[in-house]
2 protein chains.
Amino acid sequence: MEKTIERLALYRRLLKNQSGKGNTHIFSHQLAGISGYSAAIVRRDLMNIGYYGTPRHGYEIKALIDCLNVFFNKPEVKSLILVGAGNLGRALIAYFIKDKTEYNLIAAFDSDPLKVNLKYNGCPCYSLEKIPELIAASQASVGIITVPAENAQSVADLLVENKIKGILNFAPVSLTVPESVYVENVDLALMLEKVLYFSVHHREGEKKNGMT
Amino acid sequence: MEKTIERLALYRRLLKNQSGKGNTHIFSHQLAGISGYSAAIVRRDLMNIGYYGTPRHGYEIKALIDCLNVFFNKPEVKSLILVGAGNLGRALIAYFIKDKTEYNLIAAFDSDPLKVNLKYNGCPCYSLEKIPELIAASQASVGIITVPAENAQSVADLLVENKIKGILNFAPVSLTVPESVYVENVDLALMLEKVLYFSVHHREGEKKNGMT
DNA sequence: ATTACTTTGTTAAATATATAACAATGTTTG
DNA sequence: CAAACATTGTTATATATTTAACAAAGTAAT
């Protein structure tokens with residue numbers, strides 16, 4: 001199911017693109033082509049969320065987007081915060097502040113007094129003490145952690161105390177959190193190592209970057 | 001095997017840490033604890049690379065690191081380049097320029113003339129035309145793509161033409177490359193969407209962030 | 001209308017990955 | 001030196017994920 005969720009979010013973005021181009025219908029193999037997965041997996045994914053197309057016309061793009069929006073709880077725009085306004089943190093602020101339709105980055109936090117009270121791309125930066133107050137006020141449920149590894153666990157603890165339910169963690173440590181909190185780790189150095197490894201050992205006939 | 005590779009790279013980093021702390025041996029359940037995986041999986045992973053511990057002392061850290069270094073082709077330091085010196089690109093330059101023991105970020109490239117000939121954290125930035133020359137000179141085999149989505153495919157084509165064998169792609173598009181080239185996609189917006197989804201739908205008893 | 005065709009939804013098989021179990025092994029203890 | 005113990009290496013089982021296959025259904029052509 002987890003992989004399916006990832007792909008569904010991708011499909012939604014791609015379908016919005018297609019809709020923007022004026023297309024009204026799409027076949028499973030077309031969605032497969034632009035997403036990089038196989039047609040079989042596209043059909044199976046859509047089956048999972050209960051959306052049905054028609055044999056000759058495929059899927060109706062607008063209806064499918066609506067269906068995906070429902071699946072992803074659309075009308076609700078979730079608030080999120082970011083902790084750690086270093087190089088990566090500020091880059092992510094710039095990245096996530098743009099698209100406001102699915103989520104709303106309401107604040108950044110940093111322990112450096114020189115950064116506090118500044119705004120990055122319009123996003124205000126506060127000191128860490130303000131976290132409880134701002135989470136409470138905004139009902140933020142997700143936090144992004146971009147602090148150094150040694151501070152990540154204490155920041156995670158702070159977020160969990162304040163009812164954060166999901167964490168996107170860029171610090172290269174394994175966070176310990178209650179089972180009810182979902183953590184997604186993004187370890188950039190490890191990803192690069194993986195590419196370095198497979199740049200040497202990768203052989204033809206792998207499925208990665210499929211395209212069937 | 002892919003998942004195993006990811007974990008092995010993580011183990012190596014954690015073991016170096018432990019070694020730095022003066023520890024000489026480690027048990028599978030300890031490595032499991034700090035990595036966030038289960039002891040069974042740690043043992044299975046190490047079995048896969050043919051390193052053997054002893055029942056009562058566990059694994060000898062230094063020897064295991066050596067073994068992992070061999071597995072990851074250690075003495076060889078691979079060169080890499082980055083294309084797209086925007087917010088994210090510059091943050092990644094700062095991130096990757098630090099650790100020079102496994103890889104060596106030799107240059108960044110950007111189409112913006114205002115960025116060309118600048119240095120970011122000591123990393124020189126060139127125009128895209130210089131790519132062939134610099135790849136040839138450095139024997140770089142891996143490229144990081146942090147350009148906007150609309151330019152990503154053409155940059156990927158350029159890298160492939162110049163014998164790049166692995167790509168770490170941050171642009172939110174599915175790249176089309178020859179099968180011999182390995183692509184790892186990092187789609188930050190999708191990762192955030194995934195966290196948003198599971199922050200609501202995550203239930204106890206999932207395996208993610210295991211800790212067994 | 002009937003036939004041929006395309007694409008779907010769904011089931012079945014294949015592959016990949018993780019968990020659990022346990023005999024083998026070496027260590028320590030008495 | 002034998003018994004108890006902890007931890008390994010490995011195999012067997014379970015789960016997750018992908019691929020492949022194909023009947024059912026709708027469409028277009030004749």
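Order of the sequence lines sets the chain letters (A, B, ...), proteins ahead of strands, with each chain counted from 1. Values in this document were obtained by computation on a predicted structure and should not be read as measured data.
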Derivation of the ring pair (Phe, Tyr, Trp, His ring centres under 6.0 Å) call for B:Tyr59 and B:Tyr52: CA-CA 7 Å; B:Tyr59 305 99; B:Tyr52 296 100; 9.2 Å; no
Under 4.0 angstrom between B:Tyr52 side-chain N/O and D:dT10 OP1 or OP2: yes
Phosphate OP1/OP2 of C:dT19: any B:Ser38 side-chain N/O under 4.0 Å: yes
B:Glu6 CD to C:dT17 C1', straight-line distance once rounded to whole Å: 12 Å
Residue from B:Val177, B:Val181, B:Ile145 passing side chain to side chain contact (heavy atoms under 4.5 Å, CB included) with B:Leu159: B:Ile145
Neighbour count >12 (heavy atoms, 6.0 Å) for atom NZ, A:Lys74: yes
Length of the CD-C1' vector between A:Glu2 and C:dT17, whole Å: 13 Å
Contact under 4.0 Å: A:Tyr59 side-chain N or O vs C:dG9 OP1/OP2: yes
Separation of atom NE2 in B:His25 from atom P in C:dG26, rounded to whole Å: 15 Å
Minimum-distance nucleotide to A:Pro55 side chain [options: C:dT8, D:dA28, C:dA21]: C:dT8
Atom-pair distance (CE on B:Met47; P on C:dT17), nearest Å: 15 Å
Integer-rounded Å distance: D:dT8 P and B:Ile26 CD1: 10 Å
Nucleotide D:dT8, atom P - distance to CG of B:Asn48 in whole Å: 16 Å
Quiz item: A:Arg44 side-chain donor-acceptor pair to D:dT19 base, under 3.5 Å: yes
Any A:Arg7 side-chain N or O less than 4.0 Å from OP1/OP2 of D:dT18: yes
Heavy atoms of other groups near B:Lys130 NZ, more than 12 under 6.0 Å: no
A:Arg43 CZ - D:dA25 C1' separation (whole Å): 14 Å
Any donor-acceptor N or O pair under 3.5 Å, side chains B:Tyr11, B:Asp45: yes
Closest listed nucleotide, where the reference is the side chain of A:Ile41 and the choices are D:dT19, D:dG26, C:dT19: D:dT19
Closest-nucleotide 5' rank along DNA chain D - winner of A:Arg56 and A:Met1: A:Met1
B:Phe27 CZ to C:dT27 P, straight-line distance once rounded to whole Å: 12 Å
Comparing B:His57 and A:Ser28 on DNA chain C - which has the more 5′ nearest nucleotide: A:Ser28
